[in-house]
Number of protein chains: 2
Amino acid sequence: MSSQPKHDIFQAIADPTRRQLLRLLADKELPVTVISKHFPMSRTAVSKHLRILSEAGLVGEQKVGREKRYRLQAEPLIELKQWLSFYERFWENKISMLKHFVENEETADRKLVTSDRNKRESEE
Amino acid sequence: MSSQPKHDIFQAIADPTRRQLLRLLADKELPVTVISKHFPMSRTAVSKHLRILSEAGLVGEQKVGREKRYRLQAEPLIELKQWLSFYERFWENKISMLKHFVENEETADRKLVTSDRNKRESEE
DNA sequence: GTTGCATTTAATCTTTTAATTATAAAATTC
DNA sequence: GAATTTTATAATTAAAAGATTAAATGCAAC
């Protein structure tokens, strides 16, 4: 039902306020009124940030009575991890990479550029 | 060395064009004229994106004759990895987390909400 | 020196984003 | 049903981002 990335993950986490929101909602389930007390902005502004996070699938909503509680949904961050995994070798094996790079610059390109982007399994 | 993050990493990688740039410069060292051929925008626009990446410390510059070659510098992405590592347990141990969550949901939640509500009432 | 190429900077424009206040809608409590 | 609380929506404003064209800087070759 939820967690369908209409919004870009990278863009969703680009904003520091939204990162704080994720942090706050990591282990708690809170309504907007409570959340907005932690931030120096209006409820509406917080609500909009939550909407963006929601559209990115990073937070889930649950209606409890007349309040709507938000909670972290970390799964979409896997995409970020996958993206990042490509670059890990560049700092982990930096010395060997550099050596390899100097040795055969041209051919090394192809091998590294080939990316196997795992298609994610169909979530509902 | 150099490359002190004037720009935010999260913001730097938020733009899809800049992510493509990183990808392109991962294993190659290229000048702007060559780079901009891969993108449907002007050299100036590409140059600006490169500047932002440079200020975030994600690309390095090297002058070769009259051209300036750009190359990936992946080290600042470690910050991203660290940020991400906090959230990994939320999808890796999802089942156990969920269990933990359900167990303490009522008490933890109520405590927060009520304390907040009391605080507000006493404020007025 | 001058010419030619690569790149950056400056000024400008358009679009997006973030925030506000005010109003409306939904649900609980009396 | 009326009042209160929680949240969402609308209209608006201000700031930031992305891109463009045109002018300027830097270097190498002549």
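In what follows, chains carry the letters A, B, and so on, assigned in the order in which the sequence lines appear, proteins first and then strands, with residues in each chain numbered from 1. Computed from a predicted structure; not experimentally measured.
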Under a 4.0 Å heavy-atom criterion, the protein footprint on nucleotides 17-30 of chain D, written with B, S and -, is SSBBBB---SSS--
So Tyr87(B) and Leu80(A), do their side chains get closer than 4.5 Å, heavy atoms only?
no
Side-chain contact, heavy-atom cut-off 4.5 Å: Ile52(B) with Asp15(B)?
no
Given [N], is OP1 or OP2 found less than 4.0 Å from the side-chain N or O atoms of [X]?
X        : N      : value
Tyr70(A) : dT6(D) : no
Lys68(B) : dT8(C) : yes
Arg69(A) : dT7(D) : no

Extract all donor-acceptor atom pairs below 3.5 Å that involve side chains of residues 58-68 of chain B and protein atoms in other chains or at least two apart in sequence.
from, atom 1, to, atom 2, distance (Å)
Glu61(B), OE1, Lys68(B), NZ, 3.3
Glu61(B), OE2, Ser54(B), OG, 2.9
Glu67(B), OE2, Arg69(B), NE, 2.9
Glu67(B), OE2, Arg69(B), NH2, 3.1

Under the salt bridge (Lys or Arg N to Asp or Glu O under 4.0 Å) definition, can you give me all pairs with a residue in residues 34-43 of chain B, not counting sequence neighbours?
none
Check: Arg71(B) side chain, Lys28(B) main-chain N or O, donor-acceptor pair, under 3.5 Å:
no
Within the side chain of Arg18(A), is there an N or O that forms a donor-acceptor pair under 3.5 Å with the backbone of Ile13(A)?
no
Winner on side-chain proximity to Val32(B), out of dT8(C), dA6(C), dT6(D), is dT8(C)
How long is the line joining CG of Leu50(B) and C1' of dT9(C), in whole Å?
15 Å
Find the distance Lys37(B):NZ to dC5(C):C1' and express it as a whole number of Å.
12 Å
